[in-house]
Amino acid sequence: MDDKIRVLLSEEEVNRRISEVAGMINRDYAGKQVHLICILKGGVFFTCELAKRLDLDVSLDFMSVSSYGAGTTSSGVVRIIKDLDEPLEGKDVIIVEDIIDSGRTLAYLMEVLRQRGPKSIELCTLLDKPERRVKKQVQVKYTCFTIPDEFVVGYGLDYDQKYRNLPFIGVVEQ
Ligand code: IMP
Ligand code: MG
């Protein structure tokens, strides 16, 4: 641990808010089956915590995309590294992301996944940095926290692949 990390959102705050958002999804999808798509790797911690709190029939699939190189700047290029295992036809899909920043990743993904014929498709994100949005068309149905324009780590989010395992969300102090 070479970098200094300031706590932005504690583990308790994060978990409390995930429970609230899970409650909204439980109400909105009552009686339905939801198909959660976890966006690897960052979305994995959030997906697990969210899924555990859903009182619905849940199926899971995983997708890995790359929009950033090493470091903290966007390349603007989105690439599918690992595609879904299951088709989406007729499913009520929720995409689960760690953070929406420029929105490039999600704008691209929503376009690709909509073409696969889901019954519905919504977005659920742990964090949103709206100040940084380039793709204004990205509509987020469920947001746990809106945060300022700072680079954050923990709870799945990394800085050069480090710090994903921190149980809280922190800011790397430069
Ligand atoms: P977007 O395409 O610019 O919205 O970028 C989304 C992806 O960039 C996220 O899924 C993260 O992997 C990464 N990212 C954006 N901001 C941060 C941050 O503050 N910390 C860690 N990763 C970030
Ligand atoms: Mg990500």
Side-chain angles (χ1 to χ4, degrees), residues 1-11 13-15 17-18 21 25 35-51 60-85 88 93-116 121-174:
M1 292 256 207
D2 308 326
D3 305 289
K4 207 167 163 281
I5 296 169
R6 166 170 54 88
V7 177
L8 182 69
L9 296 161
S10 70
E11 185 173 12
E13 282 176 274
V14 174
N15 288 338
R17 180 62 184 147
I18 294 176
V21 170
I25 296 175
H35 190 61
L36 298 183
I37 297 181
C38 169
I39 307 301
L40 298 170
K41 302 170 188 162
V44 78
F45 290 70
F46 177 39
T47 302
C48 294
E49 293 305 321
L50 182 72
L60 283 173
D61 206 347
F62 299 86
M63 191 165 194
S64 181
V65 295
S66 133
S67 61
Y68 279 21
T72 63
T73 48
S74 170
S75 67
V77 179
V78 180
R79 206 156 47 94
I80 295 182
I81 313 274
K82 182 219 169 289
D83 207 337
L84 298 171
D85 294 334
L88 297 185
V93 171
I94 303 178
I95 301 178
V96 185
E97 245 299 25
D98 52 358
I99 188 163
I100 303 177
D101 187 32
S102 70
R104 285 193 184 97
T105 311
L106 265 303
Y108 171 80
L109 265 186
M110 291 295 268
E111 201 180 303
V112 168
L113 298 182
R114 271 206 188 98
Q115 288 165 14
R116 299 186 187 181
I121 187 162
E122 298 290 357
L123 251 170
C124 178
T125 189
L126 179 60
L127 304 171
D128 188 6
K129 282 198 258 187
E131 283 168 49
R132 303 249 311 164
R133 196 77 87 254
V134 175
K135 298 282 183 184
K136 310 276 187 205
Q137 76 270 32
V138 175
Q139 298 283 326
V140 192
K141 178 97 183 251
Y142 305 102
T143 302
C144 291
F145 299 97
T146 299
I147 59 164
D149 180 12
E150 289 185 294
F151 196 83
V152 290
V153 294
Y155 228 99
L157 292 134
D158 73 303
Y159 174 57
D160 273 349
Q161 297 304 322
K162 282 190 295 186
Y163 308 127
R164 290 193 197 275
N165 59 314
L166 294 179
F168 58 89
I169 293 166
V171 176
V172 182
E173 308 267 37
Q174 298 295 336

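Start at 1 and go down the list; that is how both ligands and their atoms are numbered. No experiment lies behind these values; they were computed from the predicted model shown.
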Undergrad: Less than 4.0 angstrom from a charged side-chain N to a carboxylate O is my criterion; do Arg6 and Asp3 meet it?
TA: no
Undergrad: Please list, in number order, the atoms of ligand 1 under 4.0 Å from a heavy atom of Glu97.
TA: 10 (O)
Undergrad: Between Ile99, Val171, Ile169, which is the residue that forms a side-chain contact (heavy atoms from CB on, under 4.5 Å) with Ile147?
TA: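 When side-chain contact (heavy atoms from CB on, under 4.5 Å) is applied between Ile147 and each of Ile99, Val171, Ile169, only Ile99 qualifies.
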Undergrad: Salt bridge or not for Arg133 and Asp149, using N-O below 4.0 Å?
TA: no
Undergrad: Considering both backbone and side-chain atoms of Val152, is one of its nitrogen or oxygen atoms within less than 3.5 Å of a nitrogen or oxygen in ligand 1?
TA: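 Looking only at distances, the answer is yes, because the N/O contact criterion of under 3.5 Å is met.
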Undergrad: Just jot down the ligand 1 atoms closer than 4.0 angstrom to any heavy atom of Thr105, in number order.
TA: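 By the 4.0 Å cutoff, the relevant atoms are 1 (P), 2 (O), 5 (O), 6 (C).
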Undergrad: Decide whether an N or O pair under 3.5 Å exists between Val153 and ligand 1.
TA: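 For ligand 1, there is no N or O atom that lies under 3.5 Å from one belonging to Val153.
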Undergrad: Check each of Leu109, Leu157, Asp149, Val138 against atom 22 (N) of ligand 1 and report the one with the nearest heavy atom.
TA: Leu157
Undergrad: Show the atoms of ligand 1 that are less than 4.0 angstrom away from any heavy atom in Asp158.
TA: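 Atoms satisfying the 4.0 Å criterion: 21 (C).
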Undergrad: May I ask you to decide whether Glu111 forms a salt bridge with Lys135, counting only side-chain N to carboxylate O separations under 4.0 Å?
TA: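 The answer is no: the pair does not qualify as a salt bridge.
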Undergrad: Pick, from Gly103, Ser102, Gly43, Ser66, the option with the minimum heavy-atom distance to atom 3 (O) of ligand 1.
TA: Ser102
Undergrad: So, 4.0 Å and heavy atoms of Lys135: is ligand 1 close enough to count as a contact?
TA: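 No.
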Undergrad: Run the contact test for Gly42 against ligand 1 with a 4.0 Å cut-off on heavy atoms, strictly below, and give the result.
TA: no
Undergrad: Hey, does Arg132 sit under 4.0 Å from ligand 1 if you only count heavy atoms?
TA: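 Checking ligand 1 against Arg132, which is what was asked, there is no heavy-atom contact under 4.0 Å.
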Undergrad: Counting only heavy atoms, tell me which of Phe151, Tyr108, Tyr159 gets closest to atom 21 (C) of ligand 1.
TA: Phe151
Undergrad: Taking only heavy atoms of Glu150 into account, list the atoms of ligand 1 that are under 4.0 Å away from them.
TA: 19 (O)
